[in-house]
Number of protein chains: 2
Amino acid sequence: MTFCDYQQFKKLKDLAKNPYDLTQKDHLSPERIQQMQLSALNFSLLYATERIDNQTVQALYALAEEADVKSKMAMMQKGEIINQIKGCESEKRSVLHTAMRDFFDDPIQEKTAYEAAKLAHDEYKKLDTFLQKTGEFEEIIQIGIGGSDLGPRALYIALEKYRQPKKRAHFISNVDPDDTASVLQNIDLKKSLIVVVSKSGSTLETLTNESFIREQLKKKGLKPKDHLIAVTGKGSPMDDPKQYREVFYIWDYVGGRYSATSMVGAVMLSFTLGIKQFEQILKGANAMDKHVLKAPPEDNLPLLAALLGIWNRNFLGHPTLAVIPYSQALLRFPAHLQQLDMESNGKRIDKQGNPLSYSSGPIVWGEVGTNGQHSFFQLLHQGTNVVPIEFIGFKESQYGLDIEVEGTTSQQKLLSNLFAQSIALATGKKDDNPNKQFEGNRPSSILLAQKLTPEILGSLLAFYEHKVAYQGFIWGINSFDQEGVQLGKVLAKKMISLFSGKDSFPLGEAYIQSLEKL
Amino acid sequence: MTFCDYQQFKKLKDLAKNPYDLTQKDHLSPERIQQMQLSALNFSLLYATERIDNQTVQALYALAEEADVKSKMAMMQKGEIINQIKGCESEKRSVLHTAMRDFFDDPIQEKTAYEAAKLAHDEYKKLDTFLQKTGEFEEIIQIGIGGSDLGPRALYIALEKYRQPKKRAHFISNVDPDDTASVLQNIDLKKSLIVVVSKSGSTLETLTNESFIREQLKKKGLKPKDHLIAVTGKGSPMDDPKQYREVFYIWDYVGGRYSATSMVGAVMLSFTLGIKQFEQILKGANAMDKHVLKAPPEDNLPLLAALLGIWNRNFLGHPTLAVIPYSQALLRFPAHLQQLDMESNGKRIDKQGNPLSYSSGPIVWGEVGTNGQHSFFQLLHQGTNVVPIEFIGFKESQYGLDIEVEGTTSQQKLLSNLFAQSIALATGKKDDNPNKQFEGNRPSSILLAQKLTPEILGSLLAFYEHKVAYQGFIWGINSFDQEGVQLGKVLAKKMISLFSGKDSFPLGEAYIQSLEKL
């Protein structure tokens, strides 16, 4: 049974012919705002400004039931083999990022998940011991790309407020040599720990940048082994205590984009924030993992977000999704979500190997508010494409340092803008001047929490992981592989061989001639 | 005559029924790569991987001629009133960002443009004198939002290699109080100059953050006036020498998103890079301005880019555009382009005030390569939406610090990946395993230059300004206003009044109740 075959699919198609009209008088009312919200686990998800009514919401929940998302989520967290495509060669793995943080209340007892959590906890204790012996270091450089970079970096930037004095992180990801060169300009290698992160131990960019740093350490008369730590899979080429001061493990059942709460994020975050703060991130993520397992569907926050996304994507037909946090600290969180969502759900076949006849994951993009208002919001309000938006907001600021100007604090101004945008996009405005006319009916939701603490951030991270997983379950796709990145890798190798004179590649030669003409 | 009425519109619609198929054997050939490129002004634009043949290219040029883009560009640079909508109230202004850098060879002689350039040059000389008297400062904080932030910040990050020792820039843009608080954590206000940038002198975020900084200066026993500089319009509330150490001027004929080469970017960039390096940015931008005026259409770089974009947007029907620079230094350049493009061309009416019956500006987004390859490229290769891509690459790195691993430098690996992605997206790959199948025909172009110097960056900035302007000319829209941001501002004010107890706003109250429930 595929997505289009579900009974509710047809019903929702019908409902989408005449979606709720937010521009009609009183259609967006205070009562609607108060009713259309789901509060759970320190969050409220407000969705009065989606083009949706109760009938549609019910049909979406029924769709989720048809797709059996409850048992699929349980299967995932128990460690059943869900990363696979039936009938063709595929990864055939469990998906156990949730086990990376299942050390708190009520851990899962099924063997696969239980053992994964135990292994993860062993690494966590190893890290605690390790950090007690490295107090002399002030800087930590994370060398990694994709999931070994985006998630950890987004979390670090989000929590700089909680940084320990004199502990700072830097990141090298790009094979562009200027990435390493510019980081080297700003640090003292003598005081630096370097975490090299690659599950396979064979990522081109990461190994190249590691060599780069080893060379620079030697040039400064420093021993690379004193400074370098590996985070990698057991038995990978990087699992080599002769080369690294310490090796921390990750496992093939934790996908890169889901790995921020594993050692991939743990080493750098615990070094800079302290391991107790890192534990709060884990706690928050774990609480969300338990929430999705235990809450009834109508109280399940990520499920509701997933369903609203499917309504906008498959039934209202919008190809993109903007995530706009009204929080400067979440500056790079959209870049993490871009990977999480687009790499998970940017798929062309279902789990039976059949090409999809419907849209899978949207194009995800975004910047923080209020900044975006002075940038691309013109198009959001008056452009010829409708862009659904997920706003994120917090009642309190992180630093608590604020100023009152004309009777309101900056935090109040920030929230005022967030709510105002949501209303403006929804209701629009008629005007005799066509340039001042706003068509409205541009859907958005708002996820609210008290304050961006490590614990709330952990929950937020897991909220999106599970939202993306639920959408994959409903679309019937495998959200946990990434075969789409392989072809580019193969051709890049050919191109590199051409540059090193080891291979011929006529198309590549044409590009090199273009370089020479510059 | 509107876009759909052009003769070539119908022809292109027909051609689009059967666009060039890049997946056929030998359809992407070395010869095609060599032929389908335009080299001019230190750049090469490679477009063999677009779904286009010579007939289509000719039709697109003919479309540009029908739309009379040559004389529209000349009108813009001469200073004629082109920022307007006929028959309704509108800004009715010239559009003269090009005059901000017209001090070099062959300046425009028409009075409006000539006088604007003279005024700009006066400010430039004033800045040179001013900077000679401020040698004691080490930090500069730019307070501004939108165009007063994104363009200048993108340029600063792109040119950190060229920074003078001990001269650093910081940015405060968001009304989120944590934006200011986190910058304050990392600087010594005593050694800091602060540039407050707002053309109107009334931008909510900027004035709030200025008050915040003034308060902090006073708390440290410092005199705000010794540290603060204004960049604003003549006669604005900020044009007040009693409040600022110096006031630099900008004018209403320079839109925020086009203002990086005016004093909006000049003060911070000249402080950090030195005014001679900033002059190189101006020189590069000016060279591109002259190029678009003088080159025949078939040699005009931004025009070709504009036409390729219109082909992908209006004829192949792709709603978004990804800009992927293979250059870590261009990390925030896509965020600048997002504003430049989406705020300019995210419009719903034409210049006669009629609602558009065709698509205007696309949704623009992007991150640097190779990082993106390990993130959202899965969707680009195998997702259910096609995303046209503009790649940007450089033959040489900026720092010149590189490492050879297995016979190739990192710079060569970087370029290998860039070219490989372009080929992979175009040709795709058949495979018996449906998960390893790539449909191909995903269009891209590559803009190449020797090295990201200040001069090349200036040209690149202007390249995109003119690309966006040409698209606006062809669509018949006004790319220079931004009425779409007004409604949100009005509602935010109502919301702020509610927070300060000065107004009632029932919808807003419903949101505040949601906050209280958290």
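Computation of the quantities below employed the complete heavy-atom set of this structure, encompassing side-chain atoms and omitting hydrogens, waters and symmetry-equivalent molecules.
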Contact winner vs chain A - [options], heavy-atom pairs under 4.5 Å:
| options | answer |
| --- | --- |
| Ser182(B), Ser39(B), Gly407(B), Gly353(B) | Ser182(B) |
| Val405(B), Leu487(B), Leu331(B) | Leu487(B) |
| Leu452(B), Asn174(B), Ile33(B), Asp149(B) | Asn174(B) |
| Glu367(B), Lys429(B), Gln421(B) | Glu367(B) |
| Gly508(B), Gly256(B), Ala181(B) | Ala181(B) |
| Pro355(B), Ala329(B), Ser173(B) | Ser173(B) |

Is [X] in contact with chain B via its backbone, its side chain, both, or neither, using a 4.5 Å heavy-atom distance?
| X | answer |
| --- | --- |
| Leu507(A) | both |
| Gln398(A) | both |
| Leu28(A) | both |
| Ser514(A) | both |
| Lys502(A) | side chain |

Hey, what do you get for [atom1] ([X]) to [atom2] ([Y]), rounding to the nearest 0.5 Å?
| X | Y | atom1 | atom2 | answer |
| --- | --- | --- | --- | --- |
| Gln486(A) | Gln378(B) | CD | CD | 9.5 Å |
| Gln339(A) | Leu379(B) | CD | CG | 12.5 Å |
| Phe376(A) | Ile363(B) | CZ | CD1 | 10.5 Å |

Stepwise side-chain contact (heavy atoms from CB on, under 4.5 Å) check, Gln37(B) with Lys517(A): CA-CA 11 Å; Gln37(B) 47 183 282; Lys517(A) 278 202 314 196; 3.4 Å; yes
Between [X] and [Y], is any pair of side-chain heavy atoms under 4.5 Å apart?
| X | Y | answer |
| --- | --- | --- |
| Lys413(A) | Leu204(B) | yes |
| Lys161(B) | Asp178(A) | no |
| Thr409(B) | Phe499(A) | no |
| Gln437(B) | Arg348(A) | yes |
| Tyr511(A) | Ile446(B) | yes |
| Leu515(B) | Phe419(A) | yes |
| Pro177(A) | Leu401(B) | no |

Closest approach of Asp176(B) to Ser327(A) (non-hydrogen atoms, all atoms of both residues): OD2-CA, 3.3 Å
Residue Asn186(B) excluded, over 12 heavy atoms near CG under 6.0 Å: yes
No-hydrogen, no-angle side-chain donor-acceptor test under 3.5 Å, Gln382(A) and Glu483(B): no
Reference residue His374(A); test side-chain hydrogen bond (donor to acceptor under 3.5 Å, both in side chains); the match among Gln482(B), Glu205(B), Glu343(B): Glu205(B)
